[in-house]
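Below is one structure, written out as structure tokens; the observations come after it.
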Amino acid sequence: MVRANHPTDRTVAEAAWLYYIKGLNQAEIAKKMGLSRPTVITYLRLARERQIVGVKISGTHFRVNDLADRLCEIYGLEGAHVVPEEENAAETMLQVCDAAAQLLPDFVEAGETLGVSWGQTVSFVSERVPWWPVDGLVVRQLIGSLANPLLPTCESCTTEIARRLSAQCINLNAPAVCSEASLAERLRQEPIISEQIRLLGDCTKAIYSLSPCTENTHVVQFNIATPADVAEYVSKGAVGIIAGRFVDAQGEPVLGELDRRMISADHALLRNMSGLLVVSGLEKLDATRAALRGGYASQVVLNEALAVKLAD
């Protein structure tokens, strides 16, 4: 007899109290009660079914769930998670990152390979992922190394996510960008690097954010590209940057000299992964719409104001 299917009302009520009143997340409740996370989920469902807990959806949450459904319908997503606006943009972004972090252990499955991008948003997510082991999970770095170790690099994001999910971490042992295309090509032909790039094709899932094509975009801040490089891509129709790769308004690849100098997952590899896109801010509207149109995400976590514009 499965314990999760026949708990007492007292046990179910304890789980509900910890979740709804004490504010513990499912992983924390599982640890405190000596249960598995799926069992905690079952108990919370039973709490509603047995009327131990009465659920009333507030106007705000009804609105964001309606928005999420509309985004899934418009862009063919498997899931959308809309976060209500906070008092300021910084706090809203942190709430979006926290929501994505809580989702990540359920986004991946045992035995899968997760590709990880980089940047401030992904770094904030990595620091908030609950400590929850996923059997047989492999976490791979999607872009090579960056020069400044103080910035939230792909290595640091990949390592932290792998650590929190008790996964095998595999870094991409090459520079993210080379000074010359010929040097990048020679490095890509090195057996070790060539094999690492080939194995990026094993990534079934990916987590990343994106940015607009502005002069201070993250690829400029990380010294991957110069403002002149970005301007060149914009002249070719680029509106957004996904894991270091430029796309147009329809999500189609926009190629240039920088692509020849980069060592990372390319557009085709990214599209083959089921992506978890984490994004906040209206300034990223065009880039986000491009990513969704281009099929780079199967699930998205974003703020309400951005969701409203995307659903228009």
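Computed from a predicted structure; not experimentally measured.
The closest side-chain donor-acceptor pair between Glu155 and Ser145 falls under 3.5 angstrom. Neither side chain, Thr39 nor Thr42, offers a donor N or O lying under 3.5 Å from an acceptor on the other. In the model, Thr113 has no side-chain atom that pairs as donor or acceptor with a side-chain atom of Thr204 under 3.5 Å. No hydrogens or angles considered: nothing links the side chains of Ser126 and Arg164 as a donor-acceptor pair under 3.5 Å. Side-chain contact check for Asn303 and Glu85: at least one donor-acceptor pair (N or O, by modelled atom type) lies under 3.5 Å.
A salt bridge links Arg260 with Glu257: the closest approach of a Lys/Arg side-chain nitrogen to an acidic carboxylate oxygen falls below 4.0 angstrom.
Relative to the ring axis of Tyr43, Arg45 does not place its NZ or CZ within 45° and under 6.0 Å from the centre.
Heavy atoms from other residues, nucleotides or ligands lying under 6.0 Å from CH2 of Trp132 number more than 12. Remark: Glu87 CD is loosely packed, at most 12 non-hydrogen atoms of other residues, nucleotides or ligands lying under 6.0 Å away. Around the CD atom of Glu73, the shell of radius 6.0 Å holds no more than 12 heavy atoms that belong to other residues, nucleotides or ligands. For OH of Tyr19, the number of neighbouring non-hydrogen atoms (other residues, nucleotides, ligands) closer than 6.0 Å is 12 at most. For CD1 of Ile192, the number of neighbouring non-hydrogen atoms (other residues, nucleotides, ligands) closer than 6.0 Å is 12 at most. Within 6.0 Å of the CD atom in Gln51, the count of heavy atoms belonging to other residues, nucleotides or ligands does not exceed 12. Atom CD of Glu49 sits in a crowded spot, with more than 12 heavy atoms from other residues, nucleotides or ligands closer than 6.0 Å.
Hydrophobic clustering, defined by side-chain heavy atoms of Ile, Leu, Val, Met, Phe, Trp and Tyr closer than 4.5 Å, leaves Trp131 isolated from every other such residue. The hydrophobic cluster around Ile41 extends to none of the other residues, as no ILVMFWY side-chain heavy atom falls under 4.5 Å of it.
Heavy atoms only, all atoms of each residue included: Val53 and Ala16 are closest at CG2-CB, 3.6 Å. Among all heavy-atom pairs drawn from Pro84 and Glu304, the shortest one is CA-OE1, 3.6 Å. A pairwise comparison of heavy atoms in Ala287 and Leu210 identifies O-CD2, 3.6 Å as the closest pair. Contact record, Val254 with Asp248: CG2-N, 3.6 Å, taken as the closest heavy-atom pair. Nearest heavy-atom pair across Ser117 and Cys157 is O-CB, 3.8 Å. When every heavy atom of Pro7 is checked against every heavy atom of Leu46, the shortest pair comes out as CG-CD1, 3.6 Å.
Note that the CD atom of Glu190 and the CG atom of Asn173 stand 12.5 Å from one another [nearest 0.5 Å]. Taken from CG in Leu67 to NE2 in His81, the straight-line distance is 13.5 Å, to the nearest 0.5 Å.
A distance-only check finds no donor-acceptor pair linking the side chain of Arg245 to the backbone of Leu270 [under 3.5 Å]. Using modelled atom types, one side-chain atom of Thr288 and one backbone atom of Lys284 make a donor-acceptor pair closer than 3.5 Å. No donor-acceptor pair under 3.5 Å is formed between the side chain of Tyr20 and the backbone N or O of Ala15. Counting only distance, with no hydrogens or angles, the side chain of Arg70 and the backbone of Asp66 share no donor-acceptor pair below 3.5 Å. Under the 3.5 Å distance criterion, the side-chain polar atoms of Glu112 are left unmatched by any main-chain donor or acceptor of Cys203. Without hydrogens or angle criteria, Gln299 side chain to Gly275 main chain gives no donor-acceptor distance under 3.5 Å. Panel note: side chain Asp229, backbone Thr226; a donor-acceptor pair is recorded below 3.5 Å.
By the salt bridge (Lys or Arg N to Asp or Glu O under 4.0 Å) test, Glu86 pairs with no residue at all, sequence neighbours left out. Scanning for salt bridge (Lys or Arg N to Asp or Glu O under 4.0 Å) contacts around Lys236 gives Glu232, with sequence neighbours left out. Under the rule for a side chain to side chain contact (heavy atoms under 4.5 Å, CB included), the partners of Lys32 that lie at least two apart in sequence or sit in another chain are Leu18, Leu24.
Residue pairs meeting the ring-ring contact (aromatic ring centres under 6.0 Å, His included) criterion with at least one member in residues 233-281, sequence neighbours excluded, are Tyr233-Phe246.
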Thr214 and Thr217: side chain to side chain donor-acceptor pair (under 3.5 Å), yes or no, with the steps?
CA-CA 5 Å; Thr214 56; Thr217 186; 4.7 Å; no
For the pair Gln120 and His218, evaluate side chain to side chain donor-acceptor pair (under 3.5 Å) and give the outcome as yes or no after the intermediate values.
CA-CA 9 Å; Gln120 186 178 59; His218 71 295; over 6 Å; no
